[in-house]
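Let me begin by presenting the structure, written as structure tokens, before commenting on it.
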Amino acid sequence: MSNTELITLIVGMFAVTFGVRYPLLAFSRRLQLSGTVLRLLAYVPPAVLSAIIFPMVLQPNGELELNAGNPYLYAAVVAVATAALRAPLVAVILGGMTAFYAARFIILA
Amino acid sequence: MATDPLTTSAKHEFLSGAKHTIPMLVGAIPFGLLFGALATAAGLPLWATLATSLLVYAGSAQFIAVGLVSQGTAVALIIATTFIVNARHALYAASLVPHLKHLRQRWLVPLAFTLTDETYAVTIPRYNRADNSPNKHWFQLGSAAAMYSNWQLCTLLGALAGAQFQGLADIGLEVAMAVTFIGIVVPLLRSAPMLLSAVTAGVVALLCNGLPHQLGLFIGAIAGILAGFTLEQRRGASRSEPS
């Protein structure tokens with residue numbers, strides 16, 4: 001990414017983020033977000049992140065790799081299991097990465 | 001009930017806000033370090049990594065942006081995704097309005113700019129407490145100042161560490177990002193609609209994999225949001241029906 005693109009990106013991200021946080025606070029004595037919008041927004045973080053995670057794990061090279069030779073699969077299974085047990089984030093990351101490197105070591109060997 | 005001027009002074013509120021944010025600071029440290037390291041590994045120069053934390057200051061959106069940059073996503077699509085990911089901050093802003101409407105713009109601008117999940121979570125109980133302290137906004141400012149400086153410091157340390165281990169980060173970037181995101185998402189999936197939302201978004205994104213500019217991500221996310229919301233509606237409807 002060129003410097004111009006990076007500056008555009010950062011300024012754009014700043015503009016939309018501040019643009020979400022500020023106007024309601026400044027002017028919203030009059031307007032009110034509908035309950036439907038509020039409830040839709042609650043699904044944004046899990047939906048966006050899952051839409052990133054699934055292809056990263058299951059299509060690491062562009063094609064579906066739902067097989068024992070895909071090291072990302074082991075990382076994801078361990079990470080999901082660790083996170084489901086309410087382990088701290090650091091443990092989830094370390095567990096997942098350990099599984100990834102162990103699986104790759106074994107698969108390559 | 002009379003309020004004790006000693007315990008509600010601006011300075012006291014500010015320090016109390018910072019103090020109540022300490023657990024959030026500890027929780028944010030690994031995210032800040034990881035953001036700095038991942039951004040560096042994704043090829044962002046140091047100035048861009050630091051500028052993102054200084055100007056955007058929104059944890060999950062920053063992570064998602066780095067993920068998208070590393071996959072060669074178009075700038076406009078990353079900005080659009082940032083908007084959607086941060087849209088929940090509008091909820092926070094809306095719920096703070098009754099507590100902040102008496103303040104001037106010079107207060108509203110910094111308080112809005114630094115409004116994060118963490119500061120909101122710490123500050124709302126303070127606003128809702130029944131005492132009539134006139135300085136509750138100083139509590140929010142104290143929380144925000146602590147979170148903001150902590151985030152900048154962690155970004156810097158993470159970026160410097162990431163630069164040291166460039167080769168290692170190159171290999172582990174994708175998997176580190178994937179497991180970090182999993183660690184963020186899984187705790188959110190406490191209800192059936194949330195779970196359905198996540199799975200739908202993921203599967204649709206997989207199916208749309210061939211589309212250009214990571215459009216599959218966008219379509220997947222929208223499908224997931226609608227799926228979760230629809231299930232929530234149906235459950236609400238069936239619950240309210242007389243048996």
Side-chain angles (χ1 to χ4, degrees), chain A residues 1 3 5-6 8-26 28-29 32-33 38-60 62 64 71-72 75-76 79-80 82-84 86 89-90 92-93 95-97 100, chain B residues 30 48 51-52 55-56 58 60-61 64-65 67 69 75 78-79 81-91 93-94 96-97 100-101 108 112-113 115 172 174-176 178-189 194 197-198 201-203 205-206 209 217 220-221 224-225 228-229 232:
Chain A
M1 212 173 247
N3 278 356
E5 276 185 302
L6 278 173
T8 314
L9 176 65
I10 294 168
V11 171
M13 286 178 68
F14 158 75
V16 295
T17 305
F18 189 65
V20 161
R21 287 168 173 166
Y22 177 67
L24 265 162
L25 213 52
S28 76
R29 270 149 251 189
Q32 191 73 46
L33 274 185
L38 299 190
R39 282 162 56 209
L40 280 168
L41 288 176
Y43 292 97
V44 169
V48 174
L49 288 168
S50 300
I52 293 179
I53 295 167
F54 276 57
M56 253 183 189
V57 170
L58 295 170
Q59 298 167 329
L64 190 65
Y72 286 89
V80 169
T82 328
R86 295 174 185 240
L89 180 70
V90 181
V92 175
I93 295 168
M97 293 197 67
F100 176 83
Chain B
T52 306
L55 289 175
V56 182
S60 38
I64 290 168
V69 166
V75 168
I78 304 178
I79 295 173
T81 309
T82 302
F83 173 73
I84 296 178
V85 172
N86 285 335
R88 69 181 186 287
H89 289 133
L91 320 186
L96 285 176
V97 167
L100 299 178
K101 61 182 171 197
L108 294 179
F113 176 71
L115 185 56
E174 292 261 297
V175 71
V179 295
T180 303
F181 287 178
I182 289 172
I184 297 171
V185 167
V186 170
L188 300 175
L189 309 180
M194 281 289 176
S197 172
V203 172
L206 286 178
N209 181 44
L217 180 145
I225 292 164
F229 180 73
E232 185 190 316

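Residue numbers begin at 1 in each chain, while the letters A, B, ... track the order of the sequences. As the structure is a computational prediction, the values presented were derived from the model and not from experiment.
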Of all residues at least two apart in sequence or in a different chain, which pass the side-chain contact (heavy atoms from CB on, under 4.5 Å) check with B/F229?
A/T36, A/R39, A/L40, A/Y43, B/Q233
Mind ranking B/T82, B/V185, B/I79, B/L206 by heavy-atom pairs under 4.5 Å with chain A and telling me who comes out on top?
B/L206
Intermediate values then yes/no, side-chain contact (heavy atoms from CB on, under 4.5 Å), B/V69 and A/L9
CA-CA 10 Å; B/V69 166; A/L9 176 65; 3.8 Å; yes
Please classify the contact of B/S60 with chain A as side chain, backbone, both or neither, using a heavy-atom distance under 4.5 Å.
neither
Measuring heavy-atom distances to chain B, does A/F18 have an atom under 4.5 Å in its side chain, in its backbone, in both, or in neither?
side chain
Report the residues that fulfil side-chain hydrogen bond (donor to acceptor under 3.5 Å, both in side chains) with A/T17, sequence neighbours left out, ordered by chain and then residue number.
B/N86
Atom group of A/M1 that falls short of 4.5 Å from chain B, counting heavy atoms:
side chain
Looking only at non-hydrogen atoms, find the nearest pair between B/G202 and A/F54 and report the distance.
CA-CG, 3.2 Å
For the backbone of B/V75 and the side chain of A/E5, can you confirm whether one donor and one acceptor N or O come within less than 3.5 Å of each other?
no
When every non-hydrogen atom of B/F181 is compared with those of A/I52, the smallest separation belongs to CE1-CG2, 3.7 Å
Using every non-hydrogen atom in the two residues, find where A/V92 and B/G183 come nearest and quote the distance to one decimal.
CG1-CA, 3.8 Å
Distance-minimising heavy-atom pair for B/L115 and A/R21
O-NE, 2.9 Å
Closest-packed option against chain A by number of heavy-atom pairs under 4.5 Å, given B/G220, B/S197, B/G224:
B/S197
Of A/G19, A/A15, A/G96, A/P55, the largest count of non-hydrogen pairs under 4.5 angstrom with chain B goes to A/P55
Any side-chain heavy atom of A/I93 within less than 4.5 Å of one from B/I182?
no
Residue selection (most heavy-atom pairs with chain B, distance under 4.5 Å) from A/P46, A/G95, A/P60, A/A84
A/P46
Counting heavy-atom pairs closer than 4.5 Å to chain A, which one of B/V203, B/T52, B/V186, B/T81 comes out on top?
B/V186
Under 4.5 Å heavy-atom distance to chain B, tell me which part of A/V57 shows up: side chain, backbone, both or neither.
side chain
What part of A/I10 gets within 4.5 angstrom of chain B, counting heavy atoms only: side chain, backbone, both, or neither?
both
Please classify the contact of B/L188 with chain A as side chain, backbone, both or neither, using a heavy-atom distance under 4.5 Å.
side chain
Shortest non-hydrogen contact between B/N209 and A/G62, atoms and distance
ND2-O, 2.7 Å
Counting only heavy atoms not in B/F83, do more than 12 fall under 6.0 Å of its CZ?
no
Please report the shortest heavy-atom distance between B/A221 and A/A47, naming the atom on each side.
O-CB, 3.5 Å
